[in-house]
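Residue numbers start from 1 in every chain, and the chains themselves are labelled A, B, ... in the order their sequence lines are given, proteins ahead of strands.
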Amino acid sequence: MAYDFKNIEKKWQARWAAEGTFVTREDASRPKFYVLDMFPYPSGAGLHVGHPLGYIASDIYSRYKRLKGFNVLHPMGYDAFGLPAEQYAIQTGQHPEVTTEKNIARYRQQMDRIGFSYDWTREVRTCDPDYYKWTQWAFLKMFDSWYDNARNAARPVSELVAAFEQGGSAAVNAACGDVKPFTAAEWKAFSDKEKSDVLMQYRIAYQGETAVNWCAGLGTVLANDEVKDGLSVRGGFPVEQKKMKQWQLRVSAYAARLLEGLDRIDWTDSLKEMQRNWIGKSTGCEVVFKCLTDGQESDVTIFTTRADTMFGVTFMVLAPESDLVPRLTTPDRKEAVEEYLAYVRKKTERERIAQTHTVTGVFSGSYGINPLTGEQVPVWISEYVLAGYGTGAIMAVPAHDSRDYAFAKKFGLKIVPLIEGCDVSEESFDAKEGRMINSGFLNGLDVKEAIPAAIEYVERHGLGHRKVNYRLRDAIFSRQRYWGEPFPIYYKDGIPTPLPEEALPLRLPEISEFKPTEDGQPPLARAKDWTYEGWPLETSTMPGFAGSSAYYLRYMDPHNDKALVRPEADGYWRNVDLYIGGTEHATGHLIYSRFWNKFLYDLGIVCEDEPFRKLINQGMIQGRSSFVYRIVGTNTFVSCGLKDAYETTEIHVDISLVRGDRLDLEGFKAWRPEFADAQFVLENGEYICGWAVEKMSKSMFNVVNPDNICDDYGADTLRLYEMFLGPLEQSKPWDTKGIDGVNRFLKRFWRLFYDGDRFIVTDEAPTPAECKVLHKLIGKEQADIESFSFNTTVSAFMIALNDLGDCHKRAILEPLTVLLSPFAPHIAEELWEACGHAESITFARFPEFDPALAADDTVTYPVSFNGKMRFTVELAKSLSREEVEAAVRAEPQTAKYVGGGQIVKVVVVPGKIVNFVVK
RNA sequence: GCCCGAGUGGCGGAAUGGUAGACGCGCUGGACUCAAAAUCCUGUGUCCUAACAGACGUGUGGGUUCGAUUCCCACCUCGGGCACCA
């Protein structure tokens, strides 16, 4: 019987499905382990070989943990709401549900062929009403919560109302928007509408006017992480800033905890760093500057991290969008300011980014008073100050801030250096080092001492206070789209009102067309009778990250219609032990999920405050494109090695026509009509193609479909090969060339069990050498899998097979099969069965590692000799140290050491020196 | 501009202070075969040499060390992230 992977894989996949081999239940008698893949968005293109890389790794780890006795939760589902299906629907009229369903079926089929050990009974789809019921439910909880800074947790709004009734707005310390202070009496006198407006400033899910990234091309707003370089990540359409009323999540309230939590989880440093940058903590202080506007006095609060430079403030700057602008503009400057604001508004986000270093601004007419010196400085307005960060106003210190410096140079403002010996004639001195000058009470201090000293002074004199700012913004949660979760909100007398829980799920209505309405309303405005008890329902839908923020919790208890997750299920599975996925979610999904989870934690719904304990980013698999070279003006193609002698055009050629860089000439002619009569200039009788590593894409003809690999080599080879390509976390090109090597390995493995049709496994006792090979592999595999070094494990298997030679002993081969099963489960099952086991190898135990059996015959340690010198001696374990030293002394001529400073390495076996290397 | 990460044969990559290049691909020669495929064996960093031997060799230049791909400093190149965040 030859290794017939086709039938073997079909047989075992059917068997796993029929027997429910991977169906998982809570089991308090075994330790749990939760292995999760980032669930895919089912696109129309299907999977290419890059997609399963992470899934294969997680599957290996899951199977390994099962062998180690863990109760493993390893689920899969689909992130099924999203833009592409909707765009397709707009173009074709095809309902997104239909295309999504079709794509999911395709994905499932492709995944099943690879032999993953998912528990499919736990599958979730974000577009399923039974699923999005809980997305909507979480939203309602956020709507009904506020963030208590004092207790550092979300609390129910009812407690907030009670506090207002007791002591007005001063009674709480909350993360909130701009609220005019009010007393308890005032609160009680507010109308329903006024109360609603005030509470909205406190809710964790709230509605508010904000500058959003508006993408006209997609007809919707986008979150910051959905925009890159002023273009939408999906579609690449220009994005502009626009003020709109939107649902938002108060993620910023959690900034400190999101930052602090990073220290307690096992993610890569680079990923943590990305999140730290995104959260962007900076410590400084807020200082109040009195400002004079035509004799009128008002307070302007600024934020600075460089309180030490306050003596060098020579002007102030407001963000154009700041509320302070109208207040601080004097009548005579009004026209100029209006003109400038119009100019700024006209600019798109893209232009702002492109023109980062062009300096623009306008003088407001007001003057600020430096609280330390009493000096008056002009107040300017410029787009280089951002409304959304700090207070939207800054003190400018041109000598020690490059942006302020450029501004001062452009508008001829004063520059006062504050650090001894610095030269500010050409550029600012931004470094935080040196001795302070021109700075009153700070003179003589080092910058590092001056910063805290200045802050302390400011606080002591009531000029301001210490303050920590974060860059992290609240998440915009509305999308003007159809294919997403509807908001469980209706407008009663214009007041946003939550639906009662019993009304969930609020199902997505059928509509005739998926486009926005003619008057610019979201598609849901087309729905007939989109009302609740006669009141209009919200017409925007939730963004893509809504459904993916808590899906890992739903897998724990996927069919529960009474709760997001039963406390017992949550208490058992707790959180994800290993999460594998792409790095592209670093500042999107992975922030939102952590936020969402912490919110649920505050409410006591989940028991862990971090959702993902360990996270691995798998690298991308790039395509390896092949090229042919057409001589300009002809239909003649010249082989790569000879192309420099001609003037040629490089043409992508479909990689299915190329094997080992050699072009299939007949296949090429048949590929496209225009190549039918192609001529070739060959080298050594062959046409050699050029190649390059590029993104895997249809247009470059370099897409490799895993189905084809499964047809030609089998799923086990695909799995092994993807792991063998290189370290999991690294990006690497797919190159089918090397795949024969791992395929050959599996065939060799098979032949240890079968000689033709004859099963040749014997019950003979293994030799120590054979035991050593086995146990070395056990140790290596254990260590490597735990450190996610799967490529070296595959190599170790090949080495073991080389070392084992012609061993057909059951005592070696059975454990070897168990070791192989996480990587190549189908062949392992087949051989396991052939060895007489009735139960799936999934339920076998990982062989016990005995380091003594794996140990080398020789051991290495240093030996001192002649005072200064030390020998590194590798010797048989049976030899004592004294014997080695004696052996070395006994054969000095063999040692031929060269004297002072030289090190000698000796390899000794009992009785004699066999190798003596002088380094 | 700032912050990470990486540079090793023809190729993918091993080795984190101790014989650099494991393992695989490719290539060389051979066995089996009428032949091919498959399989097995042999060799394969560079230079020099008939061979033995030898010299050089992990992006570049320094340093620490008896010893550095590995640790430290500077630089170069590539990849990724952030980017008017005061």
**Prompt:** Would you call A:R276 and A:D269 a salt bridge, taking side-chain N to carboxylate O under 4.0 Å as the test?
**Reply:** no

**Message:** Mind checking if A:N802 touches a base, just sugar-phosphate, or nothing, with heavy atoms under 4.0 Å?
**Reply:** sugar-phosphate

**Message:** Starting the side chain at C-beta, find the nucleotide from B:C23, B:A83, B:C4 nearest to A:S270.
**Reply:** B:C4

**Asked** When you compare B:U8 with B:G13, how far apart are their P atoms, in angstrom units rounded to a whole number?
**Response** 9 Å

**Prompt:** Which nucleotide, B:C82, B:U39, B:A86, lies nearest any side-chain atom of A:Y389?
**Reply:** B:A86

**Asked** Can you check whether A:R276 has a side-chain N or O nearer than 4.0 Å to OP1 or OP2 of B:G81?
**Response** no

**Asked** The side chain of A:R751 lies closest to which of these nucleotides: B:A86, B:C82, B:U39?
**Response** B:U39

**Asked** Which label fits B:G45, syn or anti, where anti is any glycosidic angle not within 90° of 0?
**Response** anti

**Complete:** Taking every heavy atom of A:S382 against every heavy atom of A:P320, the minimum-distance pair comes out as O-CD, 3.2 Å

**Request:** With heavy atoms under 4.0 Å as the rule, sort A:P727 into base, sugar-phosphate or nothing.
**Result:** sugar-phosphate

**Request:** Could you tell me whether A:R594 sits above the aromatic face of A:W267, with NZ or CZ closer than 6.0 angstrom to the six-membered ring centre and within 45 degrees of the axis?
**Result:** yes

**Prompt:** Below 4.0 angstrom from OP1 or OP2 of B:U39, is there any side-chain N or O of A:K747?
**Reply:** yes

**Message:** From C-beta outward on A:T305, which listed nucleotide comes closest to its side chain: B:G24, B:A86, B:A14?
**Reply:** B:A86

**Item:** Stem regions touching RNA chain B, defined by at least 3 consecutive Watson-Crick or wobble G-U pairs below 3.5 angstrom
**Value:** B:1-7 with B:76-82, B:10-12 with B:23-25, B:29-31 with B:39-41, B:45-47 with B:54-56, B:59-63 with B:71-75

**Message:** If you compare every side-chain N and O of A:N791 against the phosphate oxygens of B:A14 (OP1, OP2), does one of them come in below 4.0 Å?
**Reply:** yes

**Message:** Quick check for you: among B:G13, B:C84, B:C23, whose closest atom lies nearest to any side-chain atom of A:E383?
**Reply:** B:C84

Set out, line by line, the N/O atom pairs under 3.5 Å between protein and nucleotides 25-29 of chain B.
from  : atom 1 : to     : atom 2 : distance (Å)
B:C25 : OP1    : A:R744 : NH1    : 2.4

**Item:** Proximity to the side chain of A:Q730 - top-ranked nucleotide from B:C23, B:A86, B:G13
**Value:** B:G13

**Asked** When we call it a touch if two heavy atoms are under 4.0 Å apart, what does A:R748 touch: a base, just sugar-phosphate, or nothing?
**Response** sugar-phosphate

**Prompt:** Would you say the side chain of A:Y384 lies within less than 4.5 Å of the side chain of A:D404, judging by non-hydrogen atoms?
**Reply:** yes

**Request:** Ignoring hydrogens and angles, state whether a donor on the side chain of A:Y340 or A:T360 is under 3.5 Å from an acceptor on the partner side chain.
**Result:** yes

**Message:** Need one value for A:I799: base, sugar-phosphate or nothing, where a base atom within 4.0 Å counts as base even if backbone is also close, heavy atoms only.
**Reply:** sugar-phosphate

**Prompt:** For the side chain of A:Y405 and the backbone of A:D430, is there at least one donor-acceptor N/O pair under 3.5 Å apart?
**Reply:** no

**Asked** Salt-bridged, A:D740 to A:R744, with N to O below 4.0 Å?
**Response** no

**Request:** For B:A22 versus B:A15, give the span between their C1' atoms, rounded off to a whole number of Å.
**Result:** 8 Å

**Message:** Work out how far the C1' atom of B:G12 is from that of B:G1, and round it to whole angstrom.
**Reply:** 36 Å

**Request:** Check ring-ring contact (aromatic ring centres under 6.0 Å, His included) between A:F823 and all other residues, then give those that pass, not counting sequence neighbours.
**Result:** none

